[in-house]
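Single-structure report; data block below.
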Protein chains: 2
Amino acid sequence: MLAITRQDNEETPSGAERVLTFFRDRLLSGELKAGDRLLGERELSLALGVSRPVLREALRSLAMLGLLDIRHGRGAYVRSADASVLGQALTLCLAPEPNILDDVLQARIAIECQAIRLACARASERDLQAIAATLDTLVDSLDDPERGGGADYAFHLAIVRASDSAALMKIYEAISPLLMRSHVERRRDTFREPAITSGLVEAHRQVFLALARRDPDEAERALRGHFRIGDELRRNNLISTWQERGSTP
Amino acid sequence: MLAITRQDNEETPSGAERVLTFFRDRLLSGELKAGDRLLGERELSLALGVSRPVLREALRSLAMLGLLDIRHGRGAYVRSADASVLGQALTLCLAPEPNILDDVLQARIAIECQAIRLACARASERDLQAIAATLDTLVDSLDDPERGGGADYAFHLAIVRASDSAALMKIYEAISPLLMRSHVERRRDTFREPAITSGLVEAHRQVFLALARRDPDEAERALRGHFRIGDELRRNNLISTWQERGSTP
DNA sequence: GTCCTAAAGTGGTATGACCACGGACTGACC
DNA sequence: GGTCAGTCCGTGGTCATACCACTTTAGGAC
């Protein structure tokens, strides 16, 4: 059901509902595909038998869900499925939860560990080359926190992409905004010392090698190890920060 | 950003935008919390300086995102974060993808495997008892496909819940609708013979025991084994179906 | 006290008009 | 002939107003 406010039993699908179901059906069935242009609001409202404000409410709602791209003076276009809406919805859903920025890492680990297993079986040579390229970028940008962070993300994203699973990819994109916020937040706690960064590269290399050898168990093990190390580093930094504060109140 | 159609640079936040950001901010900051009742549309439109149709567009959009519950004759209430919207958004995002009902199983495996690892560390005694209860239901409803399917889902859901990770839980709820469709679709391919069902119970029991022993590696191994067996069964059934069709065209 | 009814308040819809933006056509100018 | 400017048309964006449908509630009849 696209319409939220509805749970009654098949009465008269009041105007706005009709419009929503009308588009939902056509979007799900593929009759309306990305890039298609909708009729004008006036014609549509006439065709669907509703007033223009009602039609607009439905259209705006669909735009809010990221399904339509409505542009002033031009018209409404069907938008290609976009994970950004998912990310927004997830952010809003998880907003009231405590420690969500820590918790979202669990989802990240979940997706990536399964993705790398699939990637071991499905990754094409081009996928592997793409991942290797992100590794090169990672090495090149060790001293640049900004670029380095981007390369890090690109590496992990490339792995998920190599899994060739649309579901894993969409979910990963959906949690990406929260992942970014989490990453930014813990930048305050993590220092990139040379010893750490070199270890970081090595960890990524191990993950990549296991993947290139098409060894799922080893790849997942390496990946989990990589995550665990990062977690411990952050924890240690937090501890030492506390200790410093304790000694100099 | 809650508003999709906007990417320009800080011009005049046209009416509808103002309303959207107004509510988005108050929802994210917690100033508006679940259960709160909004002012009437007429008062709100007056207070925010927009016309009622515009105000309604924004309100309906928020309702579409599951953030508001608007009821005729009563008013608009802030809704507690609900994963059902996520599920709908995910369904619409994944609609154009081929074989999405198979692919969503990868996401399921990803979430559950990480969830059971966390559950090994975090599950309370009550969590374990809840999981055990679903196992009992599963055994009791072996001959009832309907109840059996429900018990099966309840078992896996209880594991995710025991992980005590809001993110994993929300995502699992989000993919649940697709999971259901997937389950229904492959009911046509899977026959529940006595030998299979007994094996099914045993597989679930092994998963539960490993979890109760708080052994993450073993628990994940058992869970992956359970998924793999189900996959192979389905594949074999498909093969035999094809062979039958081939022999009797 | 209980029940029914009517009024008030709420969201739902419709109409019509006007404004703002974008593109296309057409004309003049180079 | 090509290019640029202005105008016009179609589009979404907004507004005001009126009326309808549903829910609740308060008042009156019993």
Side-chain angles (χ1 to χ4, degrees), chain A residues 1-24 32 35-79, chain B residues 1-24 32 35-79:
Chain A
M1 285 284 202
L2 227 174
I4 309 295
T5 59
R6 187 160 182 77
Q7 69 267 13
D8 7 358
N9 303 326
E10 317 297 324
E11 300 169 15
T12 27
S14 65
E17 309 268 347
R18 277 209 312 277
V19 184
L20 260 342
T21 56
F22 176 85
F23 283 107
R24 174 175 58 89
L32 280 176
D36 287 357
R37 186 183 178 285
L38 264 54
L39 272 58
E41 295 187 350
R42 293 161 180 82
E43 309 165 57
L44 266 182
S45 64
L46 204 63
L48 297 178
V50 295
S51 71
R52 218 185 125 204
V54 171
L55 177 80
R56 275 181 58 78
E57 287 178 16
L59 255 43
R60 288 295 292 253
S61 296
L62 293 173
M64 182 72 65
L65 280 176
L67 299 173
L68 291 183
D69 191 9
I70 305 180
R71 274 178 292 185
H72 196 160
R74 299 190 50 185
Y77 296 81
V78 179
R79 194 172 174 144
Chain B
M1 285 288 197
L2 229 172
I4 310 292
T5 57
R6 187 159 183 76
Q7 69 265 15
D8 6 2
N9 304 326
E10 318 295 326
E11 300 170 19
T12 29
S14 66
E17 311 269 344
R18 278 209 311 278
V19 185
L20 260 342
T21 56
F22 176 85
F23 283 107
R24 173 174 60 88
L32 280 176
D36 288 356
R37 185 183 179 285
L38 265 54
L39 272 58
E41 295 187 350
R42 293 163 182 81
E43 309 165 58
L44 267 182
S45 63
L46 204 63
L48 297 179
V50 295
S51 71
R52 223 185 122 203
V54 171
L55 189 268
R56 275 181 58 77
E57 287 178 16
L59 256 43
R60 288 295 291 255
S61 296
L62 293 173
M64 180 71 62
L65 280 176
L67 299 173
L68 290 182
D69 190 10
I70 305 178
R71 273 177 293 185
H72 196 161
R74 298 189 52 186
Y77 295 82
V78 178
R79 193 173 174 146

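What you see is a predicted model, and the numbers here were worked out from it, not measured in a lab. In what follows, chains carry the letters A, B, and so on, assigned in the order in which the sequence lines appear, proteins first and then strands, with residues in each chain numbered from 1.
To the nearest 0.5 Å, atom CG of residue A/L55 and atom CZ of residue A/F22 are 10.0 Å apart. Atoms CG and CD1, on A/L38 and A/I70 in that order, are 8.5 Å from each other to the nearest 0.5 Å. Taking CG of A/L39 as the start and CG of A/L44 as the end, the distance is 5.0 Å to the nearest 0.5 Å.
B/R37 contributes no side-chain N or O that, together with a main-chain N or O of B/V78, makes up a donor-acceptor pair within less than 3.5 Å.
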- For every nucleotide of nucleotides 12-23 of chain D, 5' to 3': is a protein heavy atom under 4.0 Å from its base (B), only from its sugar-phosphate (S), or from neither (-)? BBBB--BB-BBS

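A/L48 places its CG atom 15 Å from the C1' atom of C/dA14, with the value rounded to the nearest Å.
Residues in residues 41-50 of chain A take part in these side chain to side chain donor-acceptor pair (under 3.5 Å) pairs, two or more places apart or across chains: A/E41-A/R52, A/E41-A/R56.
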